[in-house]
Amino acid sequence: MAHNTQWYLNDYVINDYFELIKKRDPSIYCFDTFFFENYKNFGYSRVKSWTKNINIFSKRKLFFPINIKRRNIPPHWILVVVDINHNQITGYDSLKKSNLVAYRDDVLKYLEEEHLGKLGESLPIDNWEKVQGENPYQENGIDCGVYVCIFAEYISRDVAFNFDQDFMAGFRKLMAYELCTKQLINI
């Protein structure tokens, strides 16, 4: 099945949307979509300055939008959420096909390095729980970026997911409006 790439959300749209979430709720820190790839490819030394003016451990939640790129498969967005208050790392995948265990492990490794690098002490990783998120699933090959943004929006408000594939066209319009007005709408 061929996919029309004009419907994919790119890094810039997702980054701008996550900035709106961060703006509405300063207790949340949203990582840039380029962060994880830089961390995976070049290590902690490449990304340690990305948070030089922020203590991420003072936040309530951390959002890592991750673009999975594999050979011969279209790119796919997933979301890893760190709940600092509950020592929990949760992965959300709208296709239910990704190995979220590996991504959650990578995020925990980053947290260990960041904690040691910025706070000078080891992160007690034995106290952390890695969870597979329960979320709605997409029924096409183009909406993963929308799902990631909406997952983050709902999680940031501590609201249960109450949507499915039928909502995606409306969410795309809502997101376009929110990005143009630079403000999230409380729905």
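Note that the coordinates shown come from a computational prediction; the quantities given were computed from them, not determined experimentally. Along the sequence shown, residues are numbered consecutively beginning with 1.
- Every side-chain hydrogen bond (donor to acceptor under 3.5 Å, both in side chains) that Y39 has, sequence neighbours left out, goes to E113.
- Note: E112 CD to E114 CD = 12.0 Å, rounded to the nearest 0.5 Å.
- Cluster membership for I185 and F18, using ILVMFWY side-chain heavy atoms within less than 4.5 angstrom, is shared.
- More than 12 heavy atoms of other shown residues, nucleotides or ligands fall within 6.0 angstrom of atom NZ in K22.
- Each of I54 and L116 belongs to its own hydrophobic cluster when Ile, Leu, Val, Met, Phe, Trp and Tyr are linked at side-chain heavy-atom distances under 4.5 angstrom.
- With a 4.5 Å cut-off on side-chain heavy atoms, F151 and S94 count as touching.
- When only modelled atom types and interatomic distance are considered, Q165 and Q138 share no side-chain donor-acceptor pair under 3.5 Å.
- Atoms CG and NE2, from N127 and H86 in turn, are 13.5 Å apart once rounded to the nearest 0.5 Å.
- At least one donor-acceptor pair under 3.5 Å links the side chain of W77 to the backbone N or O of L9.
- To the nearest 0.5 Å, atom CG of residue D32 and atom CD of residue E19 are 8.0 Å apart.
- Atom OH of Y177 has 12 or fewer neighbouring heavy atoms from other residues, nucleotides or ligands inside a 6.0 Å radius.
- Side-chain atoms of L111 and I56, non-hydrogen and from C-beta on, do get closer than 4.5 Å to each other.
- With hydrogens and angles ignored, the 3.5 Å screen pairs no side-chain donor or acceptor of E178 with any backbone N or O of Y17.
- Side chain of K48 to main chain of G43: no donor-acceptor pair is present (N/O by atom type, distance under 3.5 Å, no hydrogens or angles).
- Residues V131 and L79 do not share a hydrophobic cluster, defined by chaining ILVMFWY side chains whose heavy atoms lie under 4.5 Å apart.
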Walk me through it: do N85 and R60 pass the test side chain to side chain contact (heavy atoms under 4.5 Å, CB included)?
CA-CA 6 Å; N85 297 334; R60 180 172 66 93; 3.6 Å; yes

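- Expressed to the nearest 0.5 Å, how far OG of S58 lies from CG of L119 amounts to 9.5 Å.
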Step by step, work out the side chain to side chain contact (heavy atoms under 4.5 Å, CB included) result for R172 and D143.
CA-CA 9 Å; R172 282 179 181 273; D143 283 331; 2.7 Å; yes

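- A donor-acceptor distance shorter than 3.5 angstrom exists from the side chain of N135 to the backbone of D93, with no hydrogens or angles considered.
- Separating the NZ atom in K130 from the CG atom in L108 is a distance of 5.5 Å, to the nearest 0.5 Å.
- Using cut-offs of 30° and 60° for the angle between ring planes, the Y110 and F35 rings count as perpendicular.
- Side chain of R104 to main chain of E129: no donor-acceptor pair is present (N/O by atom type, distance under 3.5 Å, no hydrogens or angles).
- Listed for the N15 side chain is a donor-acceptor partner under 3.5 Å among the backbone atoms of T33.
- Looking at D25 and K61, no side-chain N of the basic residue comes within less than 4.0 Å of a carboxylate O on the acidic one, giving no salt bridge.
- Looking at D83 and T90, their side chains never come closer than 4.5 Å, going by heavy atoms from C-beta outward.
- A 4.5 Å side-chain heavy-atom check between F167 and I150 finds every atom pair outside the cut-off.
- Between V148 and F63, the closest side-chain pair of non-hydrogen atoms is not below 4.5 Å.
- No side-chain heavy atom of I28 sits under 4.5 Å from any side-chain heavy atom of I155.
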Go through it in stages, so that I can follow the logic: the residues are N55 and K118, the test is side chain to side chain contact (heavy atoms under 4.5 Å, CB included), and I'd like the CA-CA distance, side-chain angles, deciding distance and then a yes or no.
CA-CA 8 Å; N55 175 5; K118 298 284 172 49; 6.0 Å; no

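- In terms of heavy atoms, P75 sits closest to K69 at CB-CG, 4.3 Å.
- Ring planes of F161 and Y92: perpendicular class, angle over 60° (limits at 30 and 60°).
- The aromatic rings of F163 and Y147 are tilted relative to each other, their planes meeting at an angle between 30° and 60°.
- Here CG of D105 is found 8.0 Å from CD1 of I89. Values are rounded to the nearest 0.5 Å.
- Evaluated for a side chain to side chain contact (heavy atoms under 4.5 Å, CB included) with I66, the options V80, D106, L100 yield exactly one hit, V80.
- Closest approach of I21 to C149, counting heavy atoms only: CD1-O, 4.3 Å.
- With ring centers used as reference points, F64 lies 6.0 Å or more from Y103.
- V47 has its side chain out of reach of F42: every pair of non-hydrogen atoms, C-beta onward, lies at least 4.5 Å apart.
- At a cut-off of 3.5 Å, with distance as the only test, no side-chain donor of N67 or E37 sits close to an acceptor on the other residue.
- Under 4.0 Å is where a charged nitrogen must lie from a carboxylate oxygen, and between E153 and R157 at least one such pair does.
- Neither Y8 nor Y137 shares a network with the other; the hydrophobic side chains, linked directly or stepwise wherever heavy atoms of I, L, V, M, F, W or Y lie under 4.5 Å apart, form separate groups for each.
- Shown here is Q183, whose CD atom has no more than 12 heavy atoms of other residues, nucleotides or ligands within 6.0 Å.
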